[in-house]
Trainee: 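Below you will find the structure I want to go over with you.
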Amino acid sequence: MKKLVFIDACVRQDGSRTRRIAEPVISALAVRYEVVRYDLTEMEGIVPLDPKLFGERGQGSIPSWAVNAARDIAAADRIVIAAPFWDMSFPAALKCFFEQTSLFDITFTDNGETCVGLCKAPKVLYITTRGMDIPTGDPREQATPYLRSLGSLWNLGELTVISAWNMDYSSAGEIEEKISTCIAEGQEIVRNW
Ligand SMILES: Cc1cc2nc3c(=O)[nH]c(=O)nc-3n(C[C@H](O)[C@H](O)[C@H](O)COP(=O)(O)O)c2cc1C
């Protein structure tokens, strides 16, 4: 079975609208993929590289969870990221996860002239919800460009975005409608994904 890595950065956990969209999409994908889940809210060690961690990395000592996660990412056939829109991007926990798993000779290497990605997933799905009236592609939306850029470092393929926006300024009914629309969109996308 092909392997899918699901990175869940939904800090509000079961209260998260983003997670409500992601879960049925992951369930649909689980029929065809072995799903390896990284629920960042349940993990220890999701911290930025501080001088100690950085120094240890220089000595070749890297937390085993980070090495394993980086290997999973590099070997994955598909990657799904669920993260709410925070401070015009995504929660810092997700950046910390990337910082710890962006590992030389696992997710990328170099060819003497520049960095070369070692991942192989041709498709990445990013699911998010935003509080303000900011659609995907708006210059104020800095999560998608970052994920695309990291994908170029790691050699990830096409990035598809499922998003709902203006969530904090919509009625309860409108919010439910937006979530349902995103779930339907997700089901449609993953049918041939
Ligand atoms: C800490 C925090 C920061 C946020 N920053 C932004 C922001 O910069 N722009 C925005 O449009 N919404 C922002 N929001 C609103 C969320 O994007 C919105 O409520 C989203 O639907 C939350 O997703 P969730 O239900 O999956 O947690 C923020 C919410 C929180 C809790």
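Atoms within a ligand are numbered from 1 in the order they appear, just like the ligands themselves. Just so it is clear, the structure is predicted and the values come from calculations on it, not from any experiment.
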Trainee: Would a line drawn from the ring center of Tyr38 to the ring center of Trp65 be shorter than 6.0 Å?
Mentor: no

Trainee: I'd like to know whether the aromatic ring centres of Tyr146 and Phe90 sit less than 6.0 Å apart in this structure.
Mentor: yes

Trainee: Compile the protein residues with any heavy atom at a distance under 4.0 Å from an atom of ligand 1; present them by chain, then by number.
Mentor: Arg12, Ser16, Arg17, Thr18, Pro84, Phe85, Trp86, Asp87, Met88, Thr129, Arg130, Gly131, Met132, Met167, Asp168

Trainee: Can you name the closest pair of heavy atoms from Glu99 and Arg57 and give their distance?
Mentor: O-NH2, 3.0 Å

Trainee: Rounded to the nearest 0.5 Å, what separation is found between the CZ atom of Arg17 and the NZ atom of Lys178?
Mentor: 10.0 Å

Trainee: May I ask whether Leu29 and Ile7 are part of the same hydrophobic cluster, defined by side-chain heavy atoms of I, L, V, M, F, W, Y residues being less than 4.5 angstrom apart, directly or through others?
Mentor: no

Trainee: Indicate the atoms forming the closest heavy-atom contact of Val124 with Gly157, along with that distance.
Mentor: CG2-O, 4.4 Å

